[in-house]
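Convention: sequence-line order gives letters A, B, ...; per-chain numbering from 1. Worth saying up front: this structure is predicted, and the values here are computed from it rather than measured.
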2 protein chains.
Amino acid sequence: MRRSDMGDPMNEIPEVVIQRLPLYLRTLSALDAEGVTVVSSQDLGERLQVTPAQIRKDLSYFGRFGKQGRGYRVPDLIRELRLILGLGREWEMVLLGMGRLGWAVAGYPGFAQHGFKVVACFDADPQLIGKTAGPLVIQDISALAATIQQHGIQIGIVAVPAAAAQQVVDQLVACGVRGILNYAPTAPRVPPHVWVQNIDPAVALQAMTYHLSQRKPARRPAGRAPA
Amino acid sequence: MRRSDMGDPMNEIPEVVIQRLPLYLRTLSALDAEGVTVVSSQDLGERLQVTPAQIRKDLSYFGRFGKQGRGYRVPDLIRELRLILGLGREWEMVLLGMGRLGWAVAGYPGFAQHGFKVVACFDADPQLIGKTAGPLVIQDISALAATIQQHGIQIGIVAVPAAAAQQVVDQLVACGVRGILNYAPTAPRVPPHVWVQNIDPAVALQAMTYHLSQRKPARRPAGRAPA
DNA sequence: TACTGTGAACTATTTCACAGCC
DNA sequence: GGCTGTGAAATAGTTCACAGTA
């Protein structure tokens with residue numbers, strides 16, 4: 001292990017760390033909006049329910065952003081995290097599936113706020129094609145490849161029924177998409193260069209009911225970062 | 001460690017294991033629907049992109065559900081998992097916040113399918129109160145406590161803006177709710193007996209763009225269970 | 001003085017590998 | 001023969017604790 005570490009151009013960063021950075025960023029943005037300009041790992045940890053040591057260690061994978069004796073300058077750390085996460089640009093996305101769920105996703109303001117933009121939406125149902133969803137016209141899936149190529153799109157959002165998800169994911173991957181936000185209640189298979197983030201509220205609820213059903217509700221692990 | 005293990009009435013089960021069980025259940029249900037009656041940890045692992053050893057170890061925390069030389073009977077394992085997760089009943093929930101997002105959540109069919117039922121919805125906006133959302137009438141937040149007590153509700157869904165989330169969560173907790181599904185882009189503080197599951201698609205996207213921005217897209221850790 | 005950054009210690013989780021059984 | 005269940009080994013992740021510094 002030691003030997004291969006030394007050969008690496010950059011140390012391997014644990015995936016859990018990556019998943020926590022957006023949470024740090026979210027809280028820092030809230031602090032910024034409150035006019036807070038400096039924050040210690042202690043303060044930030046209290047807001048996030050994460051240990052200060054974990055925050056410091058996580059950040060130390062990427063550089064030295066704090067000032068000893070003081071803490072972190074909020075605007076600076078926000079800038080650094082945005083850079084690390086690749087948020088210094090707009091990300092265009094395609095949306096597949098314009099049922100109830102797709103409709104809601106198309107109009108979700110939380111994406112645009114953070115530089116994520118749905119530029120085209122698709123469905124297989126002839127009844128839906130041509131209808132407008134806000135500023136977008138629903139297109140037939142057959143137009144998918146052309147749109148992705150034209151815009152150089154790298155992210156697809158899947159909001160189709162579970163049974164159609166794998167097929168749709170395969171199409172996205174074939175078109176060169178490298179990231180998929182999957183709302184379908186299934187875990188699609190993708191090649192290793194493609195990144196998938198799954199969102200399934202039913203799965204989240206089912207893990208919760210396990211705990212609600214226990215006599216003694218086991219105390220949450222202290223360091224457990226909220227997703 | 002050994003000593004305290006023996007004293008415990010039941011071994012401590014890691015939280016990661018709990019979070020994976022619903023994924024196993026989801027895939028087993030799909031297999032069941034396909035008419036598959038027996039599955040090995042190998043097969044199931046391939047479907048889920050999880051190692052067979054992990055599946056066997058996870059299940060072994062709860063009992064011996066397999067048959068050596070054969071595998072697991074799909075319907076039996078489904079039944080066991082449903083029991084473990086506390087899904088042998090209907091779970092009634094309240095929904096707070098009837099903006100765009102709350103509206104979509106109220107109509108999401110994925111909940112009812114799994115025995116989760118939204119029995120009442122609330123908002124603070126007088127403009128919305130009295131309007132109907134499917135079978136439900138939007139009520140004023142002031143009616144929250146009475147509804148929760150009446151139905152003995154243990155789960156609340158939060159779909160209010162980030163700025164209102166903590167306040168709403170506090171109210172839910174005060175009413176005796178023990179589980180919260182939080183769609184607000186913030187990590188609310190709760191007492192240790194309350195379980196929170198957060199869903200924030202922007203956070204998921206931001207972790208994804210980190211990877212999309214890397215030159216060499218680091219290979220996903222093999223055992224990483226999709227959420 | 002009050003904090004960060006970080007090796008080292010500790011803890012948790014995953015994987016291995018094999019005895020035991022159908 | 002093919003698979004489970006599970007201790008033990010290996011890895012991964014977290015926390016400690018303190019040197020260093022603004």
Side-chain angles (χ1 to χ4, degrees), chain A residues 1-6 8 11-21 23-24 28 36-46 48-74 76-77 80 218-225, chain B residues 1-6 8 11-21 23-24 28 36-46 48-74 76-77 80 218-225:
Chain A
M1 303 299 117
R2 182 63 46 76
R3 211 164 54 80
S4 68
D5 278 2
M6 303 190 66
D8 283 344
N11 254 314
E12 198 53 69
I13 293 154
E15 179 58 24
V16 270
V17 174
I18 306 301
Q19 301 280 330
R20 275 193 296 265
L21 297 184
L23 302 174
Y24 298 166
L28 286 162
V36 176
T37 59
V38 175
V39 72
S40 66
S41 59
Q42 173 82 57
D43 298 343
L44 190 54
E46 267 161 32
L48 278 158
Q49 312 275 245
V50 161
T51 65
Q54 179 151 79
I55 292 171
R56 295 202 301 277
K57 174 70 93 174
D58 284 356
L59 295 176
S60 78
Y61 283 105
F62 301 95
R64 302 143 163 263
F65 306 125
K67 296 232 185 305
Q68 279 145 331
R70 303 213 154 273
Y72 302 86
R73 291 216 350 103
V74 173
D76 293 1
L77 191 48
E80 295 289 356
R219 195 184 184 82
R220 273 158 296 148
R224 179 162 152 282
Chain B
M1 302 301 117
R2 183 63 47 76
R3 210 165 54 81
S4 68
D5 277 4
M6 304 191 65
D8 283 344
N11 254 314
E12 197 54 69
I13 294 154
E15 180 58 24
V16 271
V17 173
I18 306 301
Q19 301 281 330
R20 275 193 297 265
L21 297 185
L23 302 174
Y24 298 166
L28 286 163
V36 177
T37 58
V38 175
V39 71
S40 67
S41 59
Q42 174 82 57
D43 298 343
L44 190 53
E46 266 162 34
L48 278 159
Q49 310 275 242
V50 161
T51 64
Q54 179 153 80
I55 292 171
R56 295 202 303 276
K57 175 68 93 172
D58 284 356
L59 295 176
S60 78
Y61 283 105
F62 301 94
R64 301 144 164 262
F65 306 126
K67 295 231 186 308
Q68 279 145 330
R70 304 214 153 272
Y72 302 86
R73 291 218 348 106
V74 173
D76 293 0
L77 191 48
E80 294 290 354
R219 195 186 183 82
R220 274 156 296 147
R224 178 163 152 283

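- In this structure, NZ of A:K57 is placed 12 Å from P of D:dG13, rounded to the nearest angstrom.
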Do any N or O atoms of the protein come closer than 3.5 Å to N or O atoms of nucleotides 1-3 of chain C, and which pairs are they?
residue : atom : partner : partner atom : Å
C:dC3   : O2   : A:G69   : N            : 2.9

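- Put simply, CZ on A:R64 is 13 Å from C1' on C:dG7, counting in whole angstrom units.
- Side-chain contact between B:P52 and B:R56 is present, with heavy atoms from C-beta onward closer than 4.5 Å.
- Taking all atoms of both residues into account, the shortest heavy-atom contact from A:V17 to A:Y61 is CG2-CE1, 3.8 Å.
- Per the geometry, OH belonging to A:Y61 stands 11 Å off P belonging to C:dT6, to the nearest Å.
- We find that CD of A:Q54 is positioned 15 Å from C1' of C:dC10, with the value rounded to whole Å.
- Here the P atom of nucleotide C:dT6 and the CG atom of A:L59 are 11 Å apart, to the nearest Å.
- Applying the side-chain hydrogen bond (donor to acceptor under 3.5 Å, both in side chains) rule to A:Q42 yields the partners A:E46; only residues at least two apart in sequence or on another chain are considered.
- Atom CD of B:E12 is separated from atom P of C:dA12 by 9 Å (rounded to the nearest Å).
- A:Q42 places its CD atom 16 Å from the C1' atom of C:dG5, with the value rounded to the nearest Å.
- For A:P14, counting side-chain heavy atoms from C-beta on, the closest listed nucleotide (C:dT14, D:dG13, D:dT14) is D:dG13.
- The separation between B:E80 atom CD and D:dT4 atom P is 16 Å, rounded to whole Å.
- Looking at every heavy atom in both residues, B:I18 comes nearest to B:I13 through CD1-CG2, 3.6 Å.
- Judged as a side-chain hydrogen bond (donor to acceptor under 3.5 Å, both in side chains), and not counting sequence neighbours, the contacts of B:D58 are B:R20, B:Y24.
- Closest non-hydrogen pair, B:V74 versus B:L28, comes out as CG1-O, 3.6 Å.
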